[in-house]
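All remarks here apply to the structure that follows.
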Amino acid sequence: MDHAADAHRTDLMTITRYVLNEQSRHPESRGDFTILLNHIVLGCKFVCSAVNKAGLAKLIGLAGETNVQGEEQKKLDVLSNEVFIKALISSGRTCILVSEEDEEATFVEPSKRGRYCVVFDPLDGSSNIDCGVSIGTIFGIYAIKDDHEPSLDDVLQPGKNMLAAGYCMYGSSCTFVLSTGNGVNGFTLDPSLGEFILTHADMKIPKKGNIYSVNEGNAKNWDGPTARYVEKCKFPTDGSSSKSLRYIGSMVADVHRTLLYGGIFLYPADKKSPNGKLRVLYEVFPMSFLMEQAGGQAFTGKQRALDLVPKKIHERSPIFLGSYDDVEEIKALYAAVPST
Ligand code: AFP
């Protein structure tokens with residue numbers, strides 16, 4: 001009997017234990033971050049359970065529909081948003097919340113305030129819910145600058161100032177990927193325990209990949225560098241093999257695959273959407289933070305994505321992220337174009 005392997009299987013590193021271990025490296029820490037993260041994890045467990053039984057519970061459908069009891073049914077993304085907002089406020093550790101679902105930021109009332117700002121998309125990829133494709137929650141965490149009245153400036157900060165970022169993917173298993181600025185770790189929900197267990201320690205993205213991921217239906221509106229890059233993926237001129245195309249249309253799933261297998265994910269600007277589609281605060285920044293922490297890169301077409309300073313909470317930006325070498329190639333193509 002392999003007692004060493006057995007001990008490994010019985011010594012479970014839960015996400016809470018992992019964050020507590022991290023906390024012990026900061027003697028000044030009071031455990032606030034651990035508490036906040038526990039509330040985010042709770043929200044993810046709720047959404048995971050709701051996504052799993054969505055068909056059964058008739059959660060899928062238009063907001064405002066009524067069920068047989070005459071109660072208003074909520075769309076899964078609306079419901080997820082409510083769960084996260086309530087979980088985050090009740091943590092007592094947040095002061096500003098920015099959600100994809102809410103036009104305005106939520107300022108937590110003074111009696112329940114803490115020092116963290118959370119930017120999040122409670123259920124990204126929701127147009128995929130009805131066909132059972134993987135969807136996810138994305139979040140980023142900032143701390144307020146000093147002891148002052150919180151203001152929007154506390155969240156309109158470059159992504160490099162985030163303290164932590166992550167996502168939870170509701171797929172064939174429920175996977176929580178987290179970085180607190182010290183590498184990237186992946187945890188998988190063990191439904192029998194109700195706990196996220198460390199399954200992907202110190203994730204590193206391959207330096208170069210052979211997959212590109214983009215909505216090619218937008219090709220007629222792309223700019224020159226994006227069009228040239230995708231052409232090179234399909235018809236390489238340096239003797240290398242063509243890359244494979246994989247595109248789910250659900251950012252969490254596309255980025256998760258990119259992180260594990262390598263390659264590049266692109267949501268570029270185009271003639272119809274000069275700023276691309278994806279939102280800076282709760283899509284571009286958290287995913288760029290994770291990519292950099294895993295050894296990859298994230299680029300907007302003009303600059304390092306994490307250097308961007310958003311002016312509005314729902315601002316959009318083009319994004320190219322993934323394996324270091326693949327992003328380097330697209331950077332070179334943009335650098336070759338004289339700026340206008
Ligand atoms: P939905 O939430 O409307 O499904 O949008 C998902 C998303 O924001 C992101 O998860 C995808 O990467 C991207 O949009 C897909 O956009 P296209 O449908 O334009 O390819």
Side-chain angles (χ1 to χ4, degrees), residues 15-44 46 81-122 137-168 176-185 196 279-290 292-293 306-315:
I15 192 161
T16 308
R17 179 176 160 195
Y18 172 83
V19 176
L20 281 169
N21 283 355
E22 285 281 289
Q23 185 190 310
S24 63
R25 299 192 308 119
H26 304 278
E28 73 290 353
S29 150
R30 291 170 303 178
D32 287 346
F33 185 79
T34 311
I35 293 170
L36 171 64
L37 196 79
N38 270 333
H39 282 74
I40 294 177
V41 165
L42 175 69
C44 293
F46 176 90
N81 189 43
E82 280 186 26
V83 167
F84 274 104
I85 295 274
K86 287 177 182 161
L88 290 168
I89 293 177
S90 67
S91 75
R93 301 300 184 279
T94 58
C95 53
I96 307 176
L97 308 175
V98 173
S99 165
E100 193 264 351
E101 288 289 324
D102 298 322
E103 207 160 309
E104 306 288 340
T106 302
F107 287 81
V108 178
E109 64 175 80
S111 65
K112 295 185 177 150
R113 251 179 220 166
R115 60 189 206 88
Y116 294 111
C117 311
V118 183
V119 291
F120 63 105
D121 187 343
T137 298
I138 312 174
F139 64 91
I141 301 173
Y142 292 104
I144 49 170
K145 285 174 197 150
D146 335 284
D147 216 2
H148 66 171
E149 194 56 25
S151 79
L152 273 188
D153 287 344
D154 292 308
V155 285
L156 296 176
Q157 292 190 55
K160 64 184 174 197
N161 292 355
M162 281 183 169
L163 293 184
Y167 60 79
C168 186
F176 194 101
V177 174
L178 173 71
S179 175
T180 53
N182 181 31
V184 180
N185 288 281
F196 281 99
R279 312 291 185 145
V280 172
L281 277 182
Y282 40 79
E283 292 183 305
V284 169
F285 278 172
M287 295 311 201
S288 301
F289 190 92
L290 290 166
E292 286 199 3
Q293 286 291 322
L306 293 179
D307 283 340
L308 201 73
V309 187
K311 293 191 182 60
K312 292 185 295 193
I313 58 172
H314 296 297
E315 193 165 307

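If you're wondering where the values come from, they're calculated on a predicted model, not measured in any experiment. Reckoned from all heavy atoms, side chains included, excluding hydrogens, waters and symmetry mates. Numbers here are sequence positions counted from 1.
Proximity of V118 to F84: side-chain heavy atoms (C-beta onward) are nowhere separated by under 4.5 Å. Counting only heavy atoms from C-beta outward, the side chains of L156 and E315 never approach each other to under 4.5 Å. For the pair Y167 and L290, the minimum side-chain heavy-atom distance is below 4.5 Å. Looking at I138 and Y282, their side chains never come closer than 4.5 Å, going by heavy atoms from C-beta outward.
By the ring-ring contact (aromatic ring centres under 6.0 Å, His included) test, F289 pairs with no residue at all, sequence neighbours left out. Shown here are the side chain to side chain contact (heavy atoms under 4.5 Å, CB included) partners of S151, two or more places apart in sequence or in another chain: D153, D154. Evaluation of the side chain to side chain donor-acceptor pair (under 3.5 Å) rule for Q293 yields no partner, not counting sequence neighbours. With sequence neighbours left out, the salt bridge (charged side-chain N to carboxylate O under 4.0 Å, His left out) criterion links E22 to R25. Every residue was checked against the side chain to side chain contact (heavy atoms under 4.5 Å, CB included) condition with E104, not counting sequence neighbours, and none meets it. Residues forming a side chain to side chain contact (heavy atoms under 4.5 Å, CB included) with E292 (at least two apart in sequence, or on another chain): R304, L306. With sequence neighbours left out, R93 forms a salt bridge (charged side-chain N to carboxylate O under 4.0 Å, His left out) with D32. For K312, the salt bridge (charged side-chain N to carboxylate O under 4.0 Å, His left out) test picks out no residue, with sequence neighbours left out. Checked against ring-ring contact (aromatic ring centres under 6.0 Å, His included), Y142 has no partners two or more places apart in sequence or in another chain. Contacts of T16 classified as side chain to side chain donor-acceptor pair (under 3.5 Å), with partners at least two apart in sequence or in another chain: N38. The salt bridge (charged side-chain N to carboxylate O under 4.0 Å, His left out) check on R113 picks up E149, with sequence neighbours excluded.
In this model, a donor atom of one side chain and an acceptor atom of the other lie less than 3.5 Å apart for E109 and S111.
Considering every non-hydrogen atom in both C44 and F176, the closest pair reads SG-CE1, 3.7 Å.
Among residue pairs with one or both ends in residues 91-110, none qualify as ring-ring contact (aromatic ring centres under 6.0 Å, His included); sequence neighbours excluded.
S91 pairs in a side-chain contact (heavy atoms from CB on, under 4.5 Å) with only one of the listed residues (L36, V108, L37, L42), which is L36.
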